[in-house]
Peer 1: 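Here it is, the structure in full.
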Protein chains: 2
Amino acid sequence: MSVTLADVAARAGVSAATVSRVLNGNYPVAGSTRSRVLRAVDELEYVVNGPASALAAATSDLVGVLVNDIADPFFGVMASAIQSQIGPDGDHDAEAPHGQKMAIICNTGGSPERELTYLTLLLRQRAAAVVLTGGTVEDPEHLGALATRLRRLEAGGTRVVLCGRQPLTAAPDGAAPGPEEDQGPAPVALTFDNFGGARRLTGHLLDLGHRRIGYLAGPAARTTTRQRLDGHRAALAAAGAAGGEPGTPEAERLTVHGGYDRASGYDGALELLRREPGLTAVVAANDTVALGACAALRERGLRIPGDISVAGFDDLPFAIDAAPALTTVRIPLHEAGARAGRLALGREEAPAGRTTTLPADLMVRASTAPPRP
Amino acid sequence: MSVTLADVAARAGVSAATVSRVLNGNYPVAGSTRSRVLRAVDELEYVVNGPASALAAATSDLVGVLVNDIADPFFGVMASAIQSQIGPDGDHDAEAPHGQKMAIICNTGGSPERELTYLTLLLRQRAAAVVLTGGTVEDPEHLGALATRLRRLEAGGTRVVLCGRQPLTAAPDGAAPGPEEDQGPAPVALTFDNFGGARRLTGHLLDLGHRRIGYLAGPAARTTTRQRLDGHRAALAAAGAAGGEPGTPEAERLTVHGGYDRASGYDGALELLRREPGLTAVVAANDTVALGACAALRERGLRIPGDISVAGFDDLPFAIDAAPALTTVRIPLHEAGARAGRLALGREEAPAGRTTTLPADLMVRASTAPPRP
DNA sequence: TTGTACGCGTTATCAA
DNA sequence: TTGATAACGCGTACAA
């Protein structure tokens, strides 16, 4: 049905092996035969059969990217950055016909099962690399299953990169997940300083004079959620403010868990207000939640930041255009994605210790101000 | 290195062919052997070799999705919806081990060359389907090359779906693009009523009493840009307002072309103000551009909508949280993506005429109001 | 520098 | 209902 290597070889008067060598550029080929082959390729409009070459070479041109939801700009920006490094015109030499990788984007919806399912699917595709983005569930059982899958992928030659996620060995209970077999080197990880960023953000509110601060946390038992919440409480504890001691009724009362979506922010803000009418500030798990909270507070007749301050996290593109411009913490999503992409291709050296933490910078804007006297 | 079909067959005491049949479920297999095979699969942790089966079956489990930029929520939302239909747990029967498709997301950056490059790459992968999202350049040469590539994909059994894009035969000059060969059926297309939406939006401003309305258009020569601009001007012309006649100096003066990004909105708004200080309203090509415009206008000391009205297009999630909430036109991005995904899998019947136009509804919010008397 | 020959792991055809 | 067996198209030792 379609043109094959053999057809090109016949047309160019060489063997199929030679055509393959020209196309892959891995072996020396005489200049004259090379151009003859390329002309034949052009004339026949030959297109390599990806599956066939993947089968023979035991590796494909596909890079898996796991995200919670590609519609969420947090992941969209990272995925875009990853893609910019692995796809055509990443910034390699122009028109190299070989080594054009493509990204398979996998929406896990934050579900551990789906995460595992997708990793199996990527194993099946003999993916060249896999990038796991964002935080994950802290369930030891899941972490164990995850580690097993990743080890298997790496055993098959798939590079694994964690982008915005802790290395698997850093389980909350300090124990290495999974059985204590020889696990080889841990996957390289790029993490965000969620703890530090959250601590500085809440510190900023404390500096402004706030003392009754509500927190809209993300889904419980997820790394990102916990790190941000821990940072928040560390700042409170250091200042001796309410809610700084985990486990105390006061801490529980000022914390509402929800999703990372706008509706959770809306509902959560109302709940916080019900629990503590004297609230002067609300810190949200991310920008999207913060905007939902703003909407709820405004509907309650509260002005931001006049009556109540609100802060987000991530500094997504829309944060600056919110009403008022959102005080938040900037995460280098693009840089992280780009580095993850290069690491996935082996085009960048893994950092010492195989883990790097990227900074999280406080962005003070207009949604925070001193509390009313 | 890894477990193969033959290994499973040996363990289960059957032939490789039988194992294949069990796994694909296409042929009748006795219940007892079936369970024996499945047990062997489990025990050996067998994972199908995707490339091998793609080679043998001459089609892969991959679906290509072309987007301008996955970091832009316009495309992120569509991609997410497409993905929800083709990936695991789309909404098929749970745990079907076969037919798990995966999406390859291709960032074209709006570049025609990259679009073609990616289509070639997808041809190489023997993709099961390809979804092209968003508008495209209206250059006849590009359209011709595009049509050729798509025809070739379809000839190879790849389903092609256009999502948010006109069918290729509807070239602006009315001529069918490409040579007049037998082109088979045109790809199925889902389009947005950009023209009608834009007409209603500008009509809304006219109804409010605005007469000097500036327009921040997207990149020239792109379908989406032109349709929205045409709709805008049609409304103006119908009302006898300034700038309604294309080609007139007045129309040119009140239109600024830029990108679909925030910076273009910022710069464009300032330029419009320079050209026409008496402006009472600005209509932007999309929500992102509108937010950039808002920022610029506010910095100029203008209040929205008190001093000047601003409107966007698309109704992306953040539009409602803008300052003030943005009047815009809602495009059913999610629905379009979901339908495109089902069409790509052949799980939904193609519409009569192979093209459907989805509605674009006016969303009046707080960023538009009557002009100052 | 080039050609030969075999293997990669599945699917599909044809018998049984 | 199941089993041989021949493709599928390319990469790569090995030989020349």
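Letters A, B, ... mirror the listed sequences (proteins, then strands); counts begin at 1. Note that the structure is predicted; figures quoted are calculated from it, not measured.
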Peer 1: Please confirm whether the shortest side-chain N or O distance from A/Asn24 to OP1 or OP2 of D/dG11 is below 4.0 Å.
Peer 2: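 Affirmative; the distance criterion is met.
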Peer 1: Check the phosphate of D/dG11 against A/Ser20, side-chain N and O only, distance under 4.0 Å to OP1 or OP2. Yes or no?
Peer 2: yes
Peer 1: In whole Å, what is the span from the CG atom of A/Leu23 to the P atom of D/dT12?
Peer 2: 13 Å
Peer 1: For the pair B/Glu154 and B/Arg159, find out whether any cationic side-chain nitrogen is under 4.0 Å from an anionic carboxylate oxygen.
Peer 2: no
Peer 1: Identify which one of B/Val48, B/Leu23, B/Asn49 satisfies the side chain to side chain contact (heavy atoms under 4.5 Å, CB included) criterion when paired with B/Leu5.
Peer 2: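 The single option meeting the side chain to side chain contact (heavy atoms under 4.5 Å, CB included) with B/Leu5 is B/Leu23.
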Peer 1: C/dG3 phosphate, OP1 or OP2: any side-chain N/O from A/Ser15 under 4.0 angstrom?
Peer 2: yes
Peer 1: Rounded to the Å, how far apart are A/Arg21 CZ and C/dA5 C1'?
Peer 2: 12 Å
Peer 1: Counting only side-chain nitrogens and oxygens, does B/Asn49 get under 4.0 Å of the OP1 or OP2 atom of C/dC8?
Peer 2: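 Checking B/Asn49 against C/dC8: no side-chain N or O falls below 4.0 Å of OP1 or OP2.
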Peer 1: Determine whether a donor-acceptor pair (N or O, by modelled atom type, separation under 3.5 Å) exists between the side chain of A/Thr148 and the backbone of A/Gly144.
Peer 2: yes
Peer 1: Students often get this wrong, so: under 4.0 angstrom with heavy atoms, is B/Ala30 touching a base, only sugar-phosphate, or nothing?
Peer 2: sugar-phosphate
Peer 1: In whole angstroms, how far is the P atom of C/dT4 from the CG atom of A/Leu5?
Peer 2: 14 Å
Peer 1: Could you tell me the separation between the CZ atom of B/Arg34 and the P atom of D/dT2, rounded to a whole number of Å?
Peer 2: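 Distance, rounded to whole Å: 12 Å.
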Peer 1: Is it true that A/Arg354 and A/Glu349 have a side-chain N and a carboxylate O under 4.0 angstrom from each other?
Peer 2: no
Peer 1: Return the value, rounded to whole Å, for the distance between atom CG of A/Asn26 and atom P of C/dT2.
Peer 2: 15 Å
Peer 1: Select from B/Val14 and A/Ala16 the residue whose nearest nucleotide in DNA chain D is closer to the 5' end of that strand.
Peer 2: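 Comparing both residues, the 5'-ward one is B/Val14.
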Peer 1: Select from A/Tyr46 and B/Thr33 the residue whose nearest nucleotide in DNA chain D is closer to the 5' end of that strand.
Peer 2: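 Checking each residue's closest nucleotide, the 5'-ward one belongs to B/Thr33.
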Peer 1: Measure distances between side-chain N and O atoms of B/Arg126 and base N and O atoms of D/dG9, and say whether any donor-acceptor pair falls under 3.5 Å.
Peer 2: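 Such a pair does not exist between side chain and base.
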Peer 1: Does OP1 or OP2 of D/dG3 have a side-chain N or O of B/Thr18 closer than 4.0 Å?
Peer 2: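 Affirmative; the distance criterion is met.
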Peer 1: Checking the side chain of B/Asp7 only, and the main-chain atoms of B/Thr4 only, is there a donor and an acceptor separated by less than 3.5 Å?
Peer 2: yes
Peer 1: From D/dA13, C/dG9, D/dC10, pick the nucleotide closest to the side chain of B/Ala52?
Peer 2: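 Side chain of B/Ala52 sits closest to C/dG9.
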Peer 1: Starting from C1' on D/dC10, measure out to CG on B/Leu55 and report it in whole angstrom.
Peer 2: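 Spelled out: CG on B/Leu55 to C1' on D/dC10 is 8 Å.
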Peer 1: Of the nucleotides C/dT1, C/dG3, C/dG9, which has the atom closest to the B/Ala56 side chain?
Peer 2: C/dG9
Peer 1: Hey, does the side chain of A/Tyr27 come within less than 4.0 Å of D/dC14's phosphate (OP1/OP2), counting only N and O?
Peer 2: no
